[in-house]
Amino acid sequence: MGYNDWIWKSVCPNCGETWTWSKKSPPVDGSGTWTCSTCKQKNRRSGLPKWPDVPKMLYLGHDKRSLLQVWSAPPDRSTHDWALPYSTRSFVFQASRNQGGCLYEPERRGKVMDDTVFSDYCLEPDVLYYSDTPRPRCHMFAGWSMGEESCPLWEKLSNLCQTDAEKKFLHWYFGFARDRTFPALLPQARIGIAERRRPDFALFVPLSYWKYKWYAIQLDGAHRGLQEQDALRDTEISIHGYEVVSLRPESKGYYDEVKKLVERIEFDMEQANSDRWQVAIEVESEKRWPSNDSDQT
Ligand SMILES: [Zn+2]
Ligand SMILES: [Zn+2]
C-alpha cells in the first residue's frame with residue numbers, strides 16, 4: 001500500500017547481481033549482513049534511511065496573513081499509526097487544531113486483512129461526549145455521504161484555496177478519498193525557501209515507505225496565450241523535485257480530472273505490489289571482512 005512497504009535493493013559487490021528486499025514492518029537494522037544466493041559472497045549493506053523523502057514542513061494558503069503550517073505528521077501525534085506523512089488524516093488534524101472549526105479526531109479501530117481501519121470523528125469543541133453516545137462522524141472523511149456538503153472545518157480549510165474551482169476540486173477529492181488511507185491534496189503549498197512558487201495543490205504519494213512521488217497540481221483553466229508563462233512556472237517547480245500535472249477543465253468542470261487523479265494515485269500506491277524493483281531504494285553493500293570461503297574461487 002506504499003506507506004507501509006519497506007523495500008530496498010542492493011548489488012552484490014562480488015558478482016554484480018541485484019537483490020531486492022521487501023518488508024511490511026520497519027526493518028530492524030541489526031548488522032545488515034546478507035549472503036548472495038548466486039555467488040555465496042557474504043556482504044554487509046550500509047544503513048537504511050531513517051525518514052521518508054518528503055519535506056519536513058510546508059506553509060499552505062494563498063493569503064500570506066493566514067498561512068497554515070503543516071508538518072509531514074502532527075508533531076504531538078507522530079507516533080500514532082494514522083499519522084502518515086502528508087496523508088489526509090495528518091493534514092486535516094493539523095488544520096483542525098490550527099484553524100478551529102470542528103475538532104477532528106481519528107481513531108484506530110482495528111485491522112481487516114492486514115490493513116488498519118480508522119474512524120474519523122468531528123467533535124464540537126465544548127461538548128462532552130460520553131462513551132455510550134455515538135460521536136458525530138467527520139463529513140469530509142465520510143466523503144460527504146451523510147447528506148451534508150459542508151461543516152465548520154471544511155469552511156476554514158477550503159479558504160486556503162485561492163479560487164472557487166480549487167475549492168470544488170478539493171471537495172470532490174475528499175468525496176473520492178473518503179476514509180481511505182490516502183495522500184492529502186495540499187492547497188497552495190509554498191515551495192522552496194523563497195516560496196516563489198505556489199502550485200494550486202501539492203501531493204506526496206507513497207510508492208514505498210521511503211520513496212514518494214511529489215506532484216504539483218495546476219488547474220490551468222481555459223486561458224490561452226499563456227503557455228510560455230506556464231512552461232516557465234512548471235520548470236521552476238520541477239527543479240524542486242515535483243512532477244507538474246496541468247489540468248484543464250472538461251465540460252463538467254474538473255470532475256473527471258479529479259477522478260483520473262485519484263485513480264493515478266491509487267495506481268502509484270499499488271506499484272509496491274506489482275513492481276517492487278521499481279520502487280525499491282538503492283543501498284550500497286560491501287564484501288564482509290573477514291571474507292568467507294567463496295572468496296577463494
Ligand atoms: Zn554475488
Ligand atoms: Zn467537521
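As the structure lists them, so they are numbered: ligands from 1, and atoms in each ligand from 1. We count residues from 1, following the sequence as given.
- Evaluation of the salt bridge (charged side-chain N to carboxylate O under 4.0 Å, His left out) test over residues 259-271, restricted to residues two or more places apart or in two chains, returns Lys213-Asp268, Glu243-Arg264, Glu257-Lys260.
- Tyr212 and Tyr86 have their aromatic ring centers separated by at least 6.0 angstrom.
- Using a 3.5 Å distance cut-off with no hydrogens or angles, the side chains of Gln41 and Thr35 do not pair a donor with an acceptor.
- Atoms of the protein (N, O or S only) found under 2.8 Å from the Zn ion (ligand 2) are Cys102 SG, Cys122 SG, Cys151 SG.
- The six-membered or imidazole ring of Trp34 lies near that of Trp21, with a centre-to-centre distance under 6.0 Å.
- Aromatic pair Trp214/His240: centroids not less than 6.0 angstrom apart.
- Around the Zn ion (ligand 1), protein N, O or S atoms at less than 2.8 Å comprise Cys12 SG, Cys15 SG, Cys36 SG, Cys39 SG.
- Residues in residues 87-100 take part in these salt bridge (charged side-chain N to carboxylate O under 4.0 Å, His left out) pairs, two or more places apart or across chains: Arg89-Asp120, Arg97-Glu105.
- Using modelled atom types, one finds no donor on one side chain facing an acceptor on the other under 3.5 Å when comparing Gln94 with Gln99.
- For an aromatic pair to be called close, the ring centres must be under 6.0 Å apart, and Tyr255 with Phe176 satisfies this.
- Between Trp144 and Trp172, a ring centre-to-centre spacing not shorter than 6.0 Å is recorded.
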